[in-house]
Amino acid sequence: MNGFEPQIVAFTCNWCSYAAADLAGTSRIHYPSNVRIIRVMCSGMIDPIYVLRSFEAGFDGVLLAGCHIGDCHYISGNKRAEERTAKLRRLLHILGLEDERLKLEWISAAEGGRFAETIKGYVDQLKQLGPSPFRKEATA
Amino acid sequence: MAEDKNDVKIGVYVCHCGSNIAGTVDVEQVTASAQERGSVAVARNYKFMCSEPGQALIKQDIEELGLNRVVVAACSPRMHEPTFRRVVEEGGLNPYQLHICNIREQCSWVHKDGATDKAEALISAAISRAYYLEPLESREVPVAPAVLVVGGGIAGIQAALKVADAGRKVYLVEREPSIGGHMSQIDKTFPTLDCSACILTPRMAAVKSHPNIELMTYSEVVDVQGYVGNFKATIRRKPRYVDESLCTGCGICQEKCPWKAESEFDCGLGQRKAIYTPFPQAVPNVPVIDPEHCVYILKDGKCGACLKFCERGAVDFSQTEKIVDVEVGAIIMATGYDLMDPSEIARLGYGKFPNVITSLQFERLCNATGPTGGHIVLNGQEPKSVGIIHCVGSRDRKYHSYCSRVCCMYALKFAHLIKEKIEDASVYQFYIDMRCYGKGFEEFFQREGSEGVTFIRGKPAQVTDLALSEEEQGKLVVVCENTLMGRQLRVPVDMVVLCPAMEARSDARDVARLFNLTQSADGFLQERHAKLEPVATANDGVFVIGCAQGPKDIPDTVAQALAGAAETLSLIDRGSVELQAATATVDETLCQGCGRCEEICVFHAPTLSSDGTMIPVSSINEALCKGCGVCAVTCPTGAISIRHFTRQQILAELEALSGVPV
Amino acid sequence: MKYAYYPGCSASGTSKECEESLQATMRHLGVELTQLEDWNCCGAAMATGVSYLLSLALPARNLALAERAESDLVTGCSRCYMNLIRAVHYTENNASVREKVNVLLAETGVQYSGKARLRHILDVIINDVGLDAVAEKVKRPLGGLRVAPYYGCCQGMWTYAQFDSVEDPHCFDELLGTLGAQVVDYPLKTACCGGTLSMSKRSVGAKLIGDLLAAAGDADCIVTACPLCMFNLNSFQKEAGRARSTHFDIPILFLTQIMGMAFGLPEKALGLQRNTVPVDSLYRKMAVGAAVSSGAGSASGPG
Amino acid sequence: MGAQPKTLEGAWTPQAPGHTPSSTDLVGNDFSLCYQCGLCTGSCRTAYAMKYTPRQVMNLLQLGLVKEAVASGAGLLCTACYSCTFRCPRGVAVTDLMAAIQRLSLAEKHADPHIRRWYQAFTDTVARHGRFHEVEFLVRYYAPNPFRLREQVSVGLTLLRKGKITLRPPKMRSQKAIAAMFRKAAQIEGRP
């Protein structure tokens with residue numbers, strides 16, 4: 001659809017998802033360059049404010065990625081992230097943002113292929129969805 | 001720390017990484033655009049930033065241009081952050097005034113188009129973040145001068161001995177009644193064919209007698225607390241019902257005990273008593289009583305033969321399990337592997353035909369201490385023909401995609417032993433590829449060829465007792481394609497030996513969680529870096545060696561064991577470790593003392609404390625804080641922030657990425 | 001229990017007895033089968049040889065019909081089951097294939113979205129009806145009979161994948177055990193019967209069938225869960241015998257036929273008179289078995 | 001029929017990366033993954049009668065020698081029992097690839113005319129009635145030399161006697177629609 005290229009920011013935990021992104025690299029699994037990764041130590045470190053600011057800044061999608069439940073390097077940080085994301089969704093809904101714009105994924109350090117697939121899939125999904133309502137104001 | 005932000009001088013260094021980055025990313029362009037940014041004093045690119053000249057470049061600029069921030073755009077921080085932290089420190093900066101920008105793994109290697117644009121955005125973001133970086137003081141804490149080794153196979157034994165020889169205290173914990181592991185079940189070792197027991201048992205004895213090794217067999221680690229240099233492990237010691245200090249290992253109890261059970265050590269081919277040592281050379285040579293089969297325990301008090309006959313009065317049914325705590329600076333995981341149960345692959349007839357056995361069972365048959373005294377006899381029969389099936393559950397995506405690495409070689413060894421013990425026996429090797437990559441392996445393979453072993457290239461589809469011809473009557477028939485002839489083949493044999501995959505321990509997941517480690521896709525414990533940190537793990541101070549990390553032969557296992565010993569010694573002998581400085585910190589002026597941080601932190605780092613005069617405020621025990629940031633996000637007043645991952649730093653990065661001011 | 005029912009061509013033709021016995025037995029078990037309205041051939045073993053798309057579209061149409069009827073689709077034919085579930089898997093795993101298949105289905109005015117749930121009759125009997133319910137219905141235990149279950153190939157690969165061990169299935173053994181039969185284990189119980197080769201490449205077909213019958217050894221009868229196998233094993237025993245220069249005379253029964261026998265349903269209802277290899281011998285052996293087990297030697301003969 | 005890619009198209013449906021095949025998921029891989037272990041051949045009941053074993057057929061495909069694989073007629077001996085596909089340690093959809101070879105060979109000159117007619121007779125019968133009709137099928141198959149009908153007589157008569165086959169063809173509502181479906185398929189797949 002009219003060459004719309006969604007902009008995605010991904011907050012990935014250092015131990016699993018960031019490592020997965022590295023593994024995708026070392027295994028040379030290509031995926032669209034629409035994504036920008038910010039490294040945090042744990043998905044539990046991701047402040048809701050980061051997500052809100054991301055949309056303010058005009059990103060079309062925000063991906064939060066951490067270790068699988070039970071595998072958190074800090075025992076339960078990802079559980080906290082899960083709880084917060086649920087709350088955050090309600091807020092985004094009020095703001096008139098579609099659920100798909102905030103994505104929470106568990107990707108282990110061994111799942112490089114899955115990381116690439118996730119990005120591919122998310123880009124397609126957002127293409128279907130079109131630009132974020134906040135994008136225009138942002139880029140204006 | 002009062003720093004006038006006008007004085008910020010950032011140096012940006014873009015690495016070509018040969019053509020790994022420069023091949024896809026226009027390094028000149030990204031360097032130029034970095035140069036444009038305010039407070040960037042210098043932007044350079046170089047072939048290999050991590051090389052000596054590259055490092056020198058950075059140090060030089062720090063001195064000559066008075067840089068106070070450094071951005072390195074290169075490979076993943078998980079690769080070279082330590083390297084460059086050292087570099088900036090040597091250059092006279094605080095190591096935390098460095099930011100690594102990942103433009104290789106997460107850019108040049110994964111994108112064809114847009115790689116340059118993305119690299120530009122990432123670097124620009126890195127610059128913005130670097131702007132807010134602050135120097136951090138990383139605290140040193142003393143290291144407990146002892147090592148915990150988990151698992152008493154050849155890996156754990158070798159590691160324990162090396163560490164102990166260096167004069168350090170070692171706690172060696174083994175789940176089974178004796179140390180020795182799988183190697184103690186093996187008869188001969190490839191390719192040299194030296195006797196496994198002859199090389200292993202002296203080491204086992206050495207462990208027992210070593211003044212620096214505290215051996216805890218029949219025990220398991222049930223809890224691990226703390227952090228690198230200061231672990232506290234809780235060990236559960238199961239009751240042996242035999243007093244180790246009194247028992248002389250005379251064996252009379254086993255002689256007299258009337259109750260039998262299947263021998264785990266002989267893989268079900270032989271029997272043992274209810275009171276037993278798994279094998280004669282067991283260390284410690286002190287039996288255990290198996291409560292499942294001991295009638296004294298089952299029918300309270302009936303029997304008690306062992307009690308009567310033990311002159312030392314070592315048998316003690318009043319024993320209960322003990323809980324022991326140990327404090328160690330480092331942990332070595334040597335938990336080994338499980339042999340896959342081939343009955344999963346029903347068509348191969350394991351569990352259906354008594355003459356289909358696993359490689360480990362065959363080892364027991366060959367072994368002089370085994371159920372047949374070393375004679376290859378199964379169900380009273382000496383096989384005149386044996387089929388050895390390779391890759392059972394290995395190299396098969398339905399079971400395990402990986403190659404188990406040892407089967408080709410021990411299969412060759414088996415053939416040799418059969419030829420040696422049974423003259424005119426015919427041996428068939430059913431293989432897909434012969435993988436003889438190790439030192440002396442190929443030579444061994446060649447020798448086998450001359451011993452009249454038949455090699456059939458083909459993965460057997462079935463082991464059946466359905467005879468289609470006279471010569472197949474009463475035999476096991478291995479059905480396969482001889483792929484080199486392109487013809488179906490039916491090979492009648494008396495015995496089939498399966499080479500099942502070596503797989504991760506069935507409880508590997510629980511172990512990984514207990515020690516806060518990660519597993520690779522195949523389920524084995526994952527090393528930190530496949531090449532440069534083969535025995536380190538995601539958890540500082542915990543190391544993994546041997547088959548716990550993946551299938552290996554004995555030489556490789558021992559090499560890793562020694563590597564693990566070296567790692568732990570270098571850690572302990574340093575005497576102290578630097579705790580990572582990126583911990584939580586509380587702005588007491590903002591803290592309202594609500595205590596949410598105290599509730600949510602699983603490491604008990606934050607505590608509310610009050611001097612009585614005012615409302616209690618939270619304070620962080622930095623030794624306990626792991627810097628996960630959960631408290632910072634939970635704190636309703638934003639009083640808590642995580643050093644090196646402050647809101648300011650991350651939002652700055654975000655803003656630069658979006659190219660939109662927020 | 002209500003299901004949409006897909007008989008398939010051979011069950012309504014060359015193996016009518018399967019269909020008849022299946023209806024009778026299921027009714028007896030209180031299972032309600034409504035024949036799928038306007039069903040079509042699943043493509044048998046031949047469609048794949050002609051057109052990849054047809055090999056998926058033909059079965060997919062029946063699934064689409066079931067979808068419209070909003071009901072699980074049950075079939076008693078393993079070959080049909082295989083073609084149907086193959087269509088399910090392949091369309092669900094490949095969007096472009098799904099698209100093309102729906103283009104074909106459009107010609108018949110239906111669309112397939114992947115909602116319909118497919119069941120094999122054996123699956124229904126074991127998991128929905130349950131062996132206990134089956135046991136309750138048993139009036140004439142098959143005590144005297146040595147029965148060789150023939151799981152068949154496509155079944156092993158596809159049906160059992162859904163609810164049993166694929167390489168080493170046992171549900172059939174359990175069912176026959178419940179009926180009181182002595183289950184004969186033999187190595188080729190999951191080997192292919194040769195499908196249509198029995199007619200298109202007679203020499204090969206005869207060999208496969210011969211090996212199979214021979215492997216079943218001294219069993220009194222072989223029980224199959226597939227009308228196609230039923231047809232092969234029944235119709236080509238002479239030929240198979242000749243190929244091995246021996247003579248075969250083994251009754252081949254469909255699973256619902258032997259169930260019906262154990263339930264004491266009338267022969268006619270089970271279409272037993274249609275079996276190519278006569279089955280009377282079985283009733284005699286059952287009677288003997290009953291006599292032996294119950295001491296009292298008065299078990300009625302056939303009919 | 002056209003070139004290899006077209007005719008083999010859809011013979012297998014490659015899986016998404018990271019997708020581990022389960023016992024219920026027999027959708028397999030491309031032949032390029034085959035590592036020639038021969039488990040397919042070992043599991044095959046008809047391989048003994050094939051000029052090239054299933055493994056060799058995979059190898060021919062790997063080498064791009066599709067014509068030779070087709071000419072061997074191996075595909076025509078596949079009973080589609082799926083043992084090979086199910087067991088393949090590399091998850092290759094051997095059965096579907098054999099079917100693809102089968103489709104090709106039926107389209108080739110050197111295809112055994114009987115076998116070709118065999119399939120044609122089936123297709124025509126089903127295309128006409130939407131369901132299978134044994135009698136019409138046999139008549140179509142033996143049309144060129146009716147005397148060979150003898151082969152089937154014994155079986156055929158038994159079936160008639162037992163009332164299992166009738167001379168009346170089956171009836172269903174959407175016969176015409178099914179025929180249209182056959183035509184559409186031929187059109188999409190570029191078959192005559």
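Worth knowing before you read on, the calculation uses all heavy atoms, side chains too, and leaves out hydrogens, waters and symmetry mates. The shown structure was predicted, so the numbers you read here are calculated from the model rather than taken from an experiment. In the text below, chain A, chain B and the rest are named by the order of the sequence lines, each starting its count at 1.
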Name the region of [X], side chain, backbone, both or neither, that has any atom closer than 4.5 Å to a heavy atom of chain B.
| X | result |
| --- | --- |
| A:Asn34 | neither |
| A:Tyr74 | both |
| A:Thr26 | both |
| A:Ala19 | both |
| A:Leu23 | neither |
| A:Val9 | side chain |
| A:Tyr18 | both |
| A:Cys72 | backbone |

Ring centre gap for B:Phe524 and B:Tyr402 strictly below 6.0 Å =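 Here the rings of B:Tyr402 and B:Phe524 have centres that are less than 6.0 Å from each other.
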Would you please indicate yes or no on a ring centroid separation below 6.0 angstrom for A:Phe115 and A:Tyr31?
->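 Between A:Phe115 and A:Tyr31, which both carry aromatic rings, the centre distance is below 6.0 Å.
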State, to 0.1 Å, how close B:Val30 and B:Thr116 come at their nearest heavy-atom pair, and which atoms those are.
-> CG1-O, 3.9 Å
Are B:Glu622 and B:Arg643 close enough for a salt bridge, meaning some N to O gap below 4.0 Å?
-> yes
Counting heavy-atom pairs under 4.5 Å to chain A, which of [options] comes out on top?
| options | result |
| --- | --- |
| B:Cys628, B:Ala521, B:Ala125, B:Gly114 | B:Cys628 |
| B:Lys118, B:Arg513, B:Gln106 | B:Gln106 |
| B:Lys626, B:Met79, B:Gln519, B:Arg104 | B:Lys626 |

So does A:His30 have more than 12 non-hydrogen atoms from other groups sitting under 6.0 Å from NE2?
-> yes
In terms of heavy-atom contacts, does NE2 of B:His529 have more than 12 from other residues, nucleotides or ligands at under 6.0 Å?
->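 Atom NE2 in B:His529 is packed in, count exceeds 12.
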Would you mind telling me which of B:Glu81, B:Glu105, B:Glu653 makes a salt bridge (Lys or Arg N to Asp or Glu O under 4.0 Å) with A:Arg39?
-> B:Glu81
Under a 4.5 Å heavy-atom cut-off, does chain A meet the side chain of B:Asp113, its backbone, both or neither?
->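 Only the backbone of B:Asp113 comes within 4.5 Å of chain A.
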Under 4.5 Å heavy-atom distance to chain A, tell me which part of B:Val630 shows up: side chain, backbone, both or neither.
->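 The answer is both parts of B:Val630.
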Side chain to side chain contact (heavy atoms under 4.5 Å, CB included), paired with B:Val542, selected from B:Asn516, B:Val228, B:Leu517 = B:Leu517
Selection from A:Ser33, A:Gly44, A:Ser76, A:Ala116 maximising heavy-atom pairs under 4.5 Å formed with chain B |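 The residue among A:Ser33, A:Gly44, A:Ser76, A:Ala116 with the greatest pair count is A:Ser33.
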Determine the option with the most heavy-atom pairs under 4.5 angstrom with chain B, choosing from A:Met41, A:Arg80, A:His73, A:Gln7.
->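 Sorted descending by pairs with chain B, the first entry is A:His73.
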Decide yes or no on side-chain hydrogen bond (donor to acceptor under 3.5 Å, both in side chains) for B:Ser76 and A:Asp22, but give the supporting numbers first.
-> CA-CA 7 Å; B:Ser76 169; A:Asp22 280 355; 2.5 Å; yes
Roughly how far apart are A:Ile29 CD1 and A:Ile119 CD1, rounded to 0.5 Å?
-> 12.5 Å
